[in-house]
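One-based numbering along the sequence shown.
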Amino acid sequence: MDALVTNNVTKRYRIGIGRARVREMTPPPLDRFFAKLLPKWWTKDTFNALEDVTLSLEKGSSLGIVGHNGAGKTTFLKVVAGVTAPTNGSVKVNGRVAALIDVGVGLHPELTGTENAYLFGAMQGFNTHAMDAYIERIVEFAEIPDLADTPLKRYSAGMVTRIAFATVAALEADVLLIDEVLAVGDAQFQRKCAAWLADYRKRGGSLVFVSHNLGLVRSMTEHAVWLDHGKVVTQGPTPELLTEYGKAMEHREEGLKSGGAKKLVKAAGSKNRWGIGGARLLSVHVDQDALDAESVDVQIAYEGSGELTSAVFRVGFIDETGRELGGAVSPNLPVEIEGGQVTCAMPLPLRTGIYFPVVSIITADGQVRDHWRLDRPVVVERNDGLGEALGPVEFGGTWAGSRNGSHA
């Protein structure tokens with residue numbers, strides 16, 4: 001039995017409501033009449049956040065949704081949750097739906113944590129008497145007994161996440177929609193939520209999970225859908241789909257040949273970087289001849305400022321969950337004022353997965369001058385049949401065996 005079925009779902013939004021006032025104010029069924037009578041005028045200045053999305057989710061299974069910002073992931077959850085109606089198509093949900101799409105939605109900063117739990121429960125269809133049975137469990141799960149009667153405006157973003165997720169967890173919906181909110185909480189609470197979601201699925205709950213953290217998507221879902229500009233690119237088992245999605249991310253740079261495995265990433269405008277300055281990374285060129293290559297070449301372009309005469313360069317990798325996996329460190333190299341280039345040829349002891357390069361410029365006394373995590377991944381596929389249970393990094397070793405002697 002399917003917990004969720006969507007059939008040709010399209011959600012259309014208008015650009016600039018001031019230019020579409022008549023269309024916005026036209027009530028049904030007149031809106032459908034005018035849409036058929038004057039289709040060009042009706043669709044002028046519009047875009048499809050979702051377009052002909054058809055998919056299903058079996059009861060007790062989990063579905064991950066991936067895609068770039070603006071791909072339609074959150075819009076899809078809003079349509080399924082009933083927050084907004086589809087322009088075309090149909091959505092069928094078997095059972096009660098609970099959605100955690102935005103941590104702040106439905107919560108009031110002037111109300112206490114406990115009062116917000118009651119408010120959130122009311123939004124899910126639970127009256128005050130019904131919520132009385134859940135409040136103690138919610139406060140315990142959120143681990144905020146001292147703040148339960150404190151206004152939400154004095155909470156950190158992570159504490160707000162705790163209240164919202166704990167309330168959703170206590171209500172035990174048949175279909176649960178989660179959108180990126182786990183990224184706000186601390187690591188310990190993320191693990192607690194992930195464990196609860198795994199147990200929820202074992203008990204027969206159905207999960208739709210949206211996140212840019214591919215590690216969470218991989219570990220928490222069985223199947224996945226890849227959305228791009230509102231359309232379904234492909235769908236299938238999560239590991240295979242994430243590998244395909246990672247390859248597409250790797251080849252997304254402008255001017256890159258579709259079959260190549262080389263990429264030049266410029267540092268201008270990158271958000272995933274920090275450092276005290278004195279030298280600056282300009283671009284990183286990653287050359288990986290094949291997905292199962294044993295080595296990778298990384299070319300780093302930098303510029304100096306005259307403050308440093310030498311520095312150490314580092315190239316490492318983090319996995320889909322954000323874990324640092326180590327890397328290669330250069331000797332102390334000269335830093336030219338006019339800039340220069342450093343090349344690192346390094347082995348790639350990584351198992352099958354999606355990994356993000358991390359490049360740093362560090363002085364000999366340990367000061368990080370520039371640290372940059374690239375948004376474009378390196379995708380590794382090892383056809384060794386060992387799976388992912390052995391961890392992301394493979395250590396080299398020399399092995400020898402011998403036969404036990406017989407004993408009388």
Side-chain angles (χ1 to χ4, degrees), residues 62-65 73-74 77-78 80-83 95-213 215-217 219-221 321-323:
S62 54
L63 178 71
I65 303 180
K73 305 183 297 295
T74 301
L77 293 190
K78 289 180 178 179
V80 174
V83 174
R96 188 168 54 83
V97 178
L100 197 53
I101 298 175
D102 189 324
V103 174
V105 171
L107 303 181
H108 198 290
E110 297 295 336
L111 300 180
T112 68
T114 301
E115 291 168 340
N116 270 289
Y118 278 102
L119 178 61
F120 200 95
M123 294 172 59
Q124 304 294 331
F126 289 80
N127 59 30
T128 302
H129 179 71
M131 285 299 298
D132 287 340
Y134 297 108
I135 289 299
E136 185 176 348
R137 189 189 315 174
I138 291 170
V139 173
E140 180 181 356
F141 189 96
E143 300 175 358
I144 55 165
D146 297 334
L147 296 175
D149 297 322
T150 301
L152 211 68
K153 63 183 180 181
R154 297 171 187 164
Y155 284 35
S156 66
M159 291 297 183
V160 175
T161 301
R162 287 171 176 259
I163 278 289
F165 190 94
T167 305
V168 168
L171 300 183
E172 293 283 351
D174 300 299
V175 180
L176 188 57
L177 313 177
I178 302 289
D179 183 9
E180 203 63 71
V181 296
L182 296 186
V184 181
D186 58 76
Q188 184 274 335
F189 191 70
Q190 286 184 23
R191 290 192 292 270
K192 183 175 182 177
C193 293
W196 183 89
L197 287 170
D199 186 60
Y200 166 79
R201 286 158 45 206
K202 290 179 182 178
R203 298 194 306 270
S206 305
L207 173 67
V208 181
F209 184 74
V210 170
S211 179
H212 288 289
N213 187 324
L216 282 176
V217 175
S219 64
M220 294 174 58
T221 65
T321 67
R323 290 183 300 177

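- Every residue two or more places apart in sequence or in another chain that forms a ring pair (Phe, Tyr, Trp, His ring centres under 6.0 Å) with Tyr134 is listed here: Phe126.
- Remark: side-chain polar atoms of Ser62 are not paired, donor with acceptor, to backbone N or O of Leu207 under 3.5 angstrom.
- Taking CG of Leu197 as the start and CE of Met220 as the end, the distance is 4.0 Å to the nearest 0.5 Å.
- Separating the CD1 atom in Ile144 from the OG1 atom in Thr114 is a distance of 7.0 Å, to the nearest 0.5 Å.
- Of the possible donor and acceptor atoms, one in the side chain of Arg96 sits under 3.5 Å from a partner among the backbone N and O of Leu171.
- Between the CD1 atom of Ile178 and the CD1 atom of Ile65 there is a distance of 12.0 Å, given to the nearest 0.5 Å.
- Considering only heavy atoms from C-beta on, Met131 comes within 4.5 Å of Ile138 through its side chain.
- Heavy-atom contacts from other residues, nucleotides or ligands closer than 6.0 Å to CD of Glu172 number more than 12.
- Residues Leu111 and Leu152 fail the side-chain proximity criterion, which asks for heavy atoms closer than 4.5 Å.
- Note that OG1 of Thr161 is 7.5 Å distant from CZ of Phe189, once rounded to the nearest 0.5 Å.
- When atom types are taken as modelled, the side chain of Tyr118 and the backbone of Asn127 share no donor-acceptor pair closer than 3.5 angstrom.
- Side chain of Asn116 to main chain of His108: a donor-acceptor pair is present (N/O by atom type, distance under 3.5 Å, no hydrogens or angles).
- In this view, Arg323 and Asp319 satisfy the salt bridge (charged side-chain N to carboxylate O under 4.0 Å, His left out) rule, not counting sequence neighbours.
- Applying the side chain to side chain donor-acceptor pair (under 3.5 Å) test to residues at least two apart or on different chains, the pairs with a partner in residues 145-156 are Glu110-Lys153.
- The two residues Phe120 and Leu100 have their closest heavy-atom pair at CZ-CD1, 3.9 Å.
- For Val97 against Ala173, the heavy-atom pair with the smallest separation is C-CB, 4.1 Å.
- The environment of Glu140 atom CD is sparse: at most 12 non-hydrogen atoms of other residues, nucleotides or ligands sit within 6.0 angstrom.
- Nearest heavy-atom pair, Ile163 versus Ala142, reported as atom, atom and distance to 0.1 Å: N-CB, 4.2 Å.
- With rounding to the nearest 0.5 angstrom, the CZ atom of Phe209 is 11.5 Å from the CG atom of Leu63.
- Ile101 has its side chain within reach of Lys78: a pair of non-hydrogen atoms, C-beta onward, lies under 4.5 Å apart.
- Few gaps surround NZ on Lys192; more than 12 heavy atoms of other groups in view lie less than 6.0 Å from it.
- Classification of the Phe141-Trp196 ring pair by plane angle, with boundaries at 30° and 60°, yields perpendicular.
- Here the closest heavy-atom approach between residue Gly121 and residue Thr167 is recorded as N-CG2, 4.3 Å.
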